[in-house]
**Student:** 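Okay, handing you the structure first.
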Amino acid sequence: MKSYLFTKTDRILKRSEFLFLSKYGTKIHNKLFIAVIDKGKIDKIRIGITVTKKVGNAVVRNRLKRLIREYFRLNKDNISGNWNINLIVKKEAAGLSSKLINSSLHTLFKKIGKEYC
RNA sequence: GAAGUUGUUUAGACGGUCGCUUGUAUUUAUUUAUAAGAGGAAAGUCCGAACACCACAGAGCAGGGUGCUUCAUAACGUGAAGUCGCGGUAACGUGAAGGAAAGUGCAGCAGAAAGUAUACCGCCUUGUUUUUUUUAAGGUAAGGGUGAAACGGUGCGGUAAGAGCGCACCAGUUUUCCGGGUGACCGGGAAAGCUUUGUAAACCCCACCCGGUGCAAGAUCAAAUAGGGGAGCGUAAAAGAAUGAACUGCUCGUUCAGGCUUCCGGGUAGAUCGCAUGAGAUGUCUGGUAACAGGCAUCCUAGAUGAAUGAUCGUCACCUGGCAUAAAAUGUAAAAAAACUGUCAGGAACAGAAUUCGGCUUAUGAGCAGCUUUAACC
RNA sequence: AGGCGCGUAGCUCAGGGGUAGAGCGCUACCUCGACACGGUAGAAGUCGUUGGUUCAAAUCCAAUCGUGCCUA
């Protein structure tokens, strides 16, 4: 049975953790995203999302965050390991449809899987 | 039908699956059930308040704001109804609309002269001269040109030429009388002086208003670290008389301090409250031209904090484009176009609560209604 | 969420009612055997946008659009 839950324990919430990631993590690029990865302490994948003001107004930014969270909720079990991942969204992702973003995330995580898992 | 103008409504609907946030109940260690979950602007942060803390005897100065009248309101720079001015053929729109006869400043260039008035060309008189031209003294502001703006306008009289110098009419100013209006103001009359430039969104004057900071306000709980205060234990050994403090004018000398435990106070990280029952919403009645106010009934309707309200599928509805065509109606010599139906593809604006309300401003899809102007047809 | 600034030549900035300026840069010519330096001349601006006040607005007022900073 797959669990499609996605609670706050699966997410990075504190500013200090974000700063730690940006200091010590390694970066992987894509057309639409930048992923910053580091090993975490808990045996779980934890995800933080960063969307800067450059991307768009509040509606666009919130929509991107929701789409990314939705992707992780559905595909969490396909990714193993205990990683802390910070996803930074680039300007080009604004206004794209959900299908495009999902496929882009899929290729990104294949890349991550090759290098780490 | 077209163009315009004003007001108003709405922000696709329903259902399935998987999720997110909060409340309640239940189990208990995080399950299960159930309820609720963005806007007309949530935006800009341009005003006004509530609320919290700080300051404060009272008054004034400085500084800032507002500025036709009456009303509404908790308050406002907001709203309603009017007045006057301006724009528009009209519907209607729009105005920071007190004071320039309190004072000061400014008005480039051009022009004679930019506010005390003055005199370039011109007009007229007198003197010199045979005459013209020129020139000197004086009187003028009709005419000319400049400028955004030139010191009332028109006509008649008058004069050497002219001039409110005089008169008539008109415009305007001040004072005053009568009538209407709560008032801004409107209508009518009389007198005076003959006429006063513009700018206060320049300083300023007058009237009225304003203490400051903002929920990152503020309150409570409270790890850690540094330092403070109290109490207790220890001051044994080693090292040292170097450091600080007290006693003393100074020196010698004597005493205390450095460590550990615990309590108090303080408040950082963090957590909780503030935090949603309110100048509340909906319906209805009454008063008022209206803004709005009051009565009654019903209802409880988001509360996050790297920040919840999403994704996907189906059905129906709307718009645009392509393709296909049965039947009926209108019309025609015939066709085409439009409409209907089916199917495919695409579209569906502006935009996301962050303490809460009242406004303003800006962005924006669609619909409905009233009114105005006008073409064509009947 | 709340508060405070700044938009002028390609760049950095003056100008705060009378019609647009400085430095660097750019272009042409002179100088030099040639380059640099130097000299002379020139071009380049809807003063962020839209309204209003005024005879006249980069300047005063209002709205708006960008952009930066502060309060953890």
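By convention in this document, chain letters (A, B, ...) are assigned in the order of the sequence lines, proteins followed by strands, and residues within each chain are numbered from 1. Because only heavy atoms are used, hydrogens play no part in the values below, and waters and symmetry mates are left out as well, while side chains stay in.
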**Student:** With rounding to whole Å, what would you report as the distance between rG21(C) and rC29(C) at their C1' atoms?
**Tutor:** 25 Å
**Student:** Please measure how far the C1' atom in rG352(B) lies from the corresponding atom in rA75(B), and state the result in whole Å.
**Tutor:** 30 Å
**Student:** Which residue lies toward the 5' end of RNA chain B, Asn62(A) or Gly48(A), if each is placed at its nearest nucleotide?
**Tutor:** Gly48(A)
**Student:** Which nucleotide, in any strand shown, forms a Watson-Crick or G-U wobble pair with rU362(B), with both distances under 3.5 Å?
**Tutor:** none
**Student:** Tell me what Arg61(A) touches on the nucleic acid: a base, only sugar-phosphate, or nothing, going by heavy atoms under 4.0 Å.
**Tutor:** nothing
**Student:** Output, in order, the C-alpha distance, side-chain angles, deciding distance and verdict of ring-ring contact (aromatic ring centres under 6.0 Å, His included) for Phe33(A) and Phe109(A).
**Tutor:** CA-CA 11 Å; Phe33(A) 304 98; Phe109(A) 274 94; 9.2 Å; no
**Student:** Would you indicate what Leu67(A) reaches in the nucleic acid, counting non-hydrogen atoms under 4.0 angstrom: base, sugar-phosphate, or nothing?
**Tutor:** sugar-phosphate
**Student:** Taking atom C1' in both rU372(B) and rC205(B), what distance in whole Å separates the two?
**Tutor:** 47 Å
**Student:** Taking the C1' atom of each, how far is rC30(C) from rU8(C), in whole Å?
**Tutor:** 34 Å
**Student:** Could you tell me the Watson-Crick or G-U partner of rC120(B), where both distances fall under 3.5 Å? Say none if there is no partner.
**Tutor:** rG144(B)
**Student:** Please give the distance between the C1' atoms of rC185(B) and rG85(B) as a whole number of Å.
**Tutor:** 13 Å
**Student:** With a 3.5 Å limit on both atom pairs, tell me what rG58(B) is paired to, counting Watson-Crick and G-U wobble, or say none.
**Tutor:** none
**Student:** Of the nucleotides rG352(B), rC18(B), rU309(B), which has the atom closest to the Val59(A) side chain?
**Tutor:** rG352(B)
**Student:** Do the side chain of Arg73(A) and the base of rC20(B) come within less than 3.5 angstrom through a donor-acceptor pair of N or O atoms?
**Tutor:** no
**Student:** Take the protein atom CZ of Arg66(A) and the nucleotide atom P of rA38(B), then report the distance between them rounded to whole Å.
**Tutor:** 12 Å
**Student:** At what distance, to the nearest 0.5 angstrom, does CG of Leu67(A) lie from CG of Leu105(A)?
**Tutor:** 9.0 Å
**Student:** Ignoring hydrogens, what is the shortest heavy-atom contact between Gly48(A) and Asn86(A)? Give both atom names and the distance.
**Tutor:** O-OD1, 3.2 Å
**Student:** Just confirming the chi classification of rA276(B), syn or anti, using 90° around 0 as the syn window.
**Tutor:** syn
**Student:** From C-beta outward on Arg63(A), which listed nucleotide comes closest to its side chain: rG19(B), rA311(B), rA308(B)?
**Tutor:** rA311(B)
**Student:** Between rA33(B) and rG16(B), how far apart are the two P atoms, rounded to whole Å?
**Tutor:** 15 Å
**Student:** Write down the partner of rG7(B) under the Watson-Crick or G-U wobble criteria, each distance required to be under 3.5 Å.
**Tutor:** rC368(B)
**Student:** Please give the distance between the C1' atoms of rA216(B) and rU5(B) as a whole number of Å.
**Tutor:** 49 Å
**Student:** Rounding to the closest angstrom, what is the interatomic distance between rG98(B) and rG193(B) at atom P?
**Tutor:** 33 Å
**Student:** Which of these nucleotides, rA353(B), rC18(B), rA351(B), is closest to any side-chain atom of Glu70(A)?
**Tutor:** rC18(B)
